[in-house]
Protein chains: 2
Amino acid sequence: MKSEKEIFDNYLIKKNLRETPQRGLILDTFLKHEEHISAEQLYDIVKKRDPSLGQATVYRVLKLIVEAGLAREVDLGDGVMRYEHNYNHPHHDHLVCRGCGKTIGVFDSVIEELQKRVAESYGFELTDHEMYLYGFCENCRKRKQ
Amino acid sequence: MKSEKEIFDNYLIKKNLRETPQRGLILDTFLKHEEHISAEQLYDIVKKRDPSLGQATVYRVLKLIVEAGLAREVDLGDGVMRYEHNYNHPHHDHLVCRGCGKTIGVFDSVIEELQKRVAESYGFELTDHEMYLYGFCENCRKRKQ
DNA sequence: ATTGCAAATGATAATCATTATCATTATTAT
DNA sequence: ATAATAATGATAATGATTATCATTTGCAAT
């Protein structure tokens, strides 16, 4: 099993792109962060190690990380794209609390199967999907009472 | 069964807001349009009837229409919010073609039930959800070959 | 090593949908 | 009528992301 670093480097080689300190730092920082993260949050962390690093580079490298298959985009609908691990972190959907914003990754193989069937019933070949379940977590429900 | 117009007017009254020609025109235009529509598209149509109408008003009225329960927002992830009917047009999810952009409203009661169960298994009370199924429609698949 | 070329970076401007502001106009209640 | 309040339209502001571009860096071939 290849490491994320190897996969990224292979991707760079395949695309005739270069391995640079900035790319290394941004990838490492992303990998260390287990929860999903926005470009700005990542920039804030990375800046501490290399204050000269520009935020445009964070956006650019994040895109490369996605293309290399190491991250996937999460759009929670608040105008800020977030990125989460996509390697050794199998596909899952999101349960989001409307109270405190807490998000939990969830997976239901039956739902996944039914999605495929629904798509096929309309002649579609399903490639991917997004599912966001919104509600109130236990804590927030208690707090409301 | 109340008409959409009545529901909107009742909402305005309840909120101490006024019935205006602009609000009437924008609501009518939205109601006539069966497919989902963006603020800009709606503005383009409405402008033909009343060229003096400003696009800020379209955004404002669209928000009122949503609040009145007559429309719901559809976020297809391309940075443009779209609005679709929410009265006599029961909840459905979306099947979107990655080739031509065609979207189809779909509904599967089993999926809906499973979503509720997944949420509950994490202590969440589900309020709503979004599900977008992406793939390639029959036409686009044929074209690719 | 040195030169030349392609890619990468950082700073900053541009983009684009949406929201806020604010002066003007319209509507309602008194 | 008239004061009070809301609505409108024009325009500026916002904020995340992308494009631009001058400068820097890394690599290849001589």
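Both backbone and side-chain heavy atoms feed into the values below; hydrogens, waters and symmetry mates do not. Numbers restart at 1 for each chain; the letters A, B, ... are given by sequence-line order, proteins then strands.
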- request: Would you give the length of the straight line joining atom CG of B/Asp93 to atom NE2 of A/His129, rounded to the nearest 0.5 angstrom?
  value: 11.0 Å
message: If I compare all heavy atoms of A/Ser38 with all of A/Gln41, which pair ends up nearest, and what's the gap?
response: N-OE1, 2.9 Å
field: Evaluation steps, side chain to side chain contact (heavy atoms under 4.5 Å, CB included), between B/Leu12 and B/Arg23
entry: CA-CA 10 Å; B/Leu12 294 179; B/Arg23 285 177 177 163; 4.3 Å; yes
- prompt: Partners of A/His33 by ring pair (Phe, Tyr, Trp, His ring centres under 6.0 Å), sequence neighbours excluded?
  reply: none
task: Tell me, please, the opening and closing nucleotides of DNA chain C, 5' to 3', among those with an atom under 4.0 angstrom from a non-hydrogen atom of chain B.
output: C/dA17 to C/dT27
query: Looking at A/His36, A/His89, A/His94, which one forms a side-chain hydrogen bond (donor to acceptor under 3.5 Å, both in side chains) with A/Glu84?
result: A/His94
- prompt: To the nearest 0.5 Å, how far apart are CZ in B/Phe124 and CG in A/Leu133?
  reply: 9.5 Å
message: Side-chain heavy atoms nearer than 4.5 Å, only ILVMFWY residues, links allowed to pass through others: does that put B/Ile13 and B/Ile26 together?
response: no
- request: Verify the distance criterion only: is there a donor paired with an acceptor across the side chains of B/Glu112 and B/His91 at less than 3.5 Å?
  value: yes
- request: Could you check which residues of residues 51-75 of chain B get a heavy atom under 4.0 Å from DNA chain D? Sort them by number, please.
  value: B/Ser52, B/Leu53, B/Gly54, B/Ala56, B/Thr57, B/Arg60
Results of salt bridge (charged side-chain N to carboxylate O under 4.0 Å, His left out) for A/Glu113 - residues two or more places apart only: A/Arg117
field: Nonpolar side-chain network containing B/Tyr134, other nodes, edges under 4.5 Å
entry: B/Val74, B/Leu76, B/Val96, B/Tyr132
message: With the threshold set at under 4.0 Å for non-hydrogen atoms, list the residues of residues 8-34 of chain A touching DNA chain D in residue-number order.
response: A/Arg18
